[in-house]
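Values in this document were obtained by computation on a predicted structure and should not be read as measured data. The figures here come from the full heavy-atom set of this structure, side chains too, leaving out hydrogens, waters and symmetry mates.
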Amino acid sequence: MRVQSSATAPAPIAVAAPPRGRGLGALQAALGVVAFSLTFPATAWGLEGFGPWSLVAVRSVLAAVIAGGCLLALRVPLPARRHWPGLAVVAAGVVLGFPLLTTLALQTSTTAHAAVVVGLLPLTTALFSALRTGTRPSPTFWAAALVGAAAVVAFTVQQSGGALTAADLYLFGALLICAAGYTEGGRLAGAMPGWQVVGWALVLCLPLTVPVAAVALSAEPVHLTAHSVTGLLWVAAGSQFLGLIVWYRGMAAIGIPKASQLQLAQPLLTLFWSVFLLGEHLPAAAPITAVAVLVCIAVTQQARG
């Protein structure tokens with residue numbers, strides 16, 4: 001399973017595709033991908049009115065309030081004690097680490113640049129999954145993964161003028177910590193629905209995110225504009241919670257392989273939004289690298305069966 005954040009797409013859960021409702025399921029999965037593709041542009045909007053720490057903390061608090069309300073309304077029981085360490089890993093990687101590092105990166109990086117780099121996330125997640133579960137992917141898998149990684153590194157160095165910037169280091173750090181969170185979330189999805197994994201991880205962070213939000217809002221300037229408020233609401237409600245609901249429902253209806261194929265379009269969609277919503281100039285290397293990574297991810301999926 002891949003669990004969402006702000007920015008990126010959740011991992012699959014081990015479910016079988018039922019015979020009916022596949023058309024609606026495909027639509028729901030596609031809506032999930034669209035929701036996640038908007039995360040970086042929405043974060044850029046949010047940064048117009050909030051500091052990075054304020055944006056990340058308030059985003060997490062709002063998403064936790066929504067998730068906690070759903071858990072209470074549906075009377076979902078507390079997870080078993082043995083699941084809390086795994087939820088802590090999901091919280092550190094997906095709820096806190098990935099949003100914070102990508103938000104810090106987007107202070108100086110374009111969303112198009114970030115989208116290409118983070119497009120490598122499915123490959124890093126597969127690597128962590130193999131290490132965590134002890135599986136042994138085929139040589140074809142590793143070859144495609146290395147080619148995809150090399151394409152992203154070459155793009156990053158070329159766009160940064162021959163040396164990695166602080167934003168690039170934030171993005172690569174985000175890849176690693178989010179992949180760990182996704183992998184642990186995939187393990188937990190065998191015991192509870194994916195949205196509950198995200199919901200409990202968000203609630204688990206409240207004792208930290210509430211005081212951080214209070215301190216950050218008092219220390220960082222806040223300028224409420226249509227863009228900043230819209231961006232905050234989207235990353236909180238759209239990317240980090242509601243997008244996950246339609247994604248997991250769609251995945252349950254059409255199955256993991258078909259849903260994963262839809263997810264391959266996410267980096268390219270983010271590139272489109274960066275131009276359409278933010279007016280960014282798109283370097284020719286960005287879509288070329290994104291397509292190269294897309295092909296590598298498709299090969300790794302085929303190699304994994």
Side-chain angles (χ1 to χ4, degrees), residues 4-10 27-56 58-60 62-63 66 98-121 152 155-156 159-160 165 167-168 170-171 174-175 178 220-247 262-291 293-294:
Q4 187 58 335
S5 75
S6 62
T8 61
L27 176 61
Q28 290 174 324
L31 289 175
V33 171
V34 173
F36 301 133
S37 72
L38 283 161
T39 300
F40 283 176
T43 299
W45 274 4
L47 286 172
E48 294 180 12
F50 296 90
W53 292 91
S54 299
L55 182 60
V56 172
V58 174
R59 155 191 179 165
S60 297
L62 291 178
I66 297 172
F98 185 81
L100 176 60
L101 291 175
T102 53
T103 299
L104 291 173
L106 286 172
Q107 288 187 289
T108 56
S109 171
T110 66
T111 59
H113 182 93
V116 174
V117 176
V118 177
L120 196 62
L121 183 57
V152 170
F155 168 81
T156 303
Q159 292 295 304
S160 302
T165 65
D168 295 325
Y170 283 138
L171 290 171
L175 284 174
C178 189
E220 295 178 333
V222 175
H223 304 288
L224 298 181
T225 64
H227 274 184
S228 63
V229 173
T230 300
L232 172 62
L233 293 177
W234 183 261
V235 293
S239 300
Q240 201 152 18
F241 190 69
L242 297 179
L244 289 172
I245 293 177
V246 293
W247 171 258
L262 291 174
Q263 188 187 10
L264 296 179
Q266 184 175 324
L268 294 175
L269 282 173
T270 300
L271 293 180
F272 170 77
W273 296 127
S274 71
V275 175
F276 182 72
L277 295 177
L278 304 176
E280 292 184 358
H281 172 69
L282 199 63
I288 294 174
T289 306
V291 171
V293 172
L294 185 153

CZ of Phe40 to CG of Leu277, rounded to nearest 0.5 Å, is 14.5 Å
Output for pair (Leu278 CG, Thr111 OG1), nearest 0.5 Å, gives 5.0 Å
In short, Leu224 meets Val222 closest at the heavy-atom pair CD2-CG1, 3.8 Å
Nearest heavy-atom contact between Trp234 and Ala35 is NE1-O, 3.4 Å
- Does any N or O in the side chain of Gln107 come within less than 3.5 Å of the main-chain N or O of Pro52, such that one atom is a donor and the other an acceptor? no
Separation between OG (Ser239) and CG (Leu233), nearest 0.5 Å, reads 11.0 Å
Tightest non-hydrogen contact, residues Phe98 and Ala174, listed as CD1-O, 3.5 Å
The ring pair (Phe, Tyr, Trp, His ring centres under 6.0 Å) partners of Trp45 (sequence neighbours excluded) come to His227
### Query
Does any N or O in the side chain of Gln240 come within less than 3.5 Å of the main-chain N or O of Ala63, such that one atom is a donor and the other an acceptor?
no
dist Glu48:CD -> Thr43:OG1 (nearest 0.5 Å) comes out at 11.5 Å
Heavy-atom closest pair (Ala167 atom, Thr108 atom, distance to 0.1 Å) is CB-OG1, 3.4 Å
Distance col, row Leu104:CG vs Tyr170:OH, nearest 0.5 angstrom, shows 5.0 Å
All heavy atoms of Ser274 vs all of Leu282, minimum pair found to be OG-CD1, 4.2 Å
* Got a donor-acceptor contact below 3.5 angstrom from the Ser228 side chain to the His223 backbone? -> yes
Thr270 (side chain) donor-acceptor with Ser37 (main chain) under 3.5 angstrom:
yes
Test side chain to side chain contact (heavy atoms under 4.5 Å, CB included), reference Leu106, set Leu47, Leu171, Leu55, output is Leu47
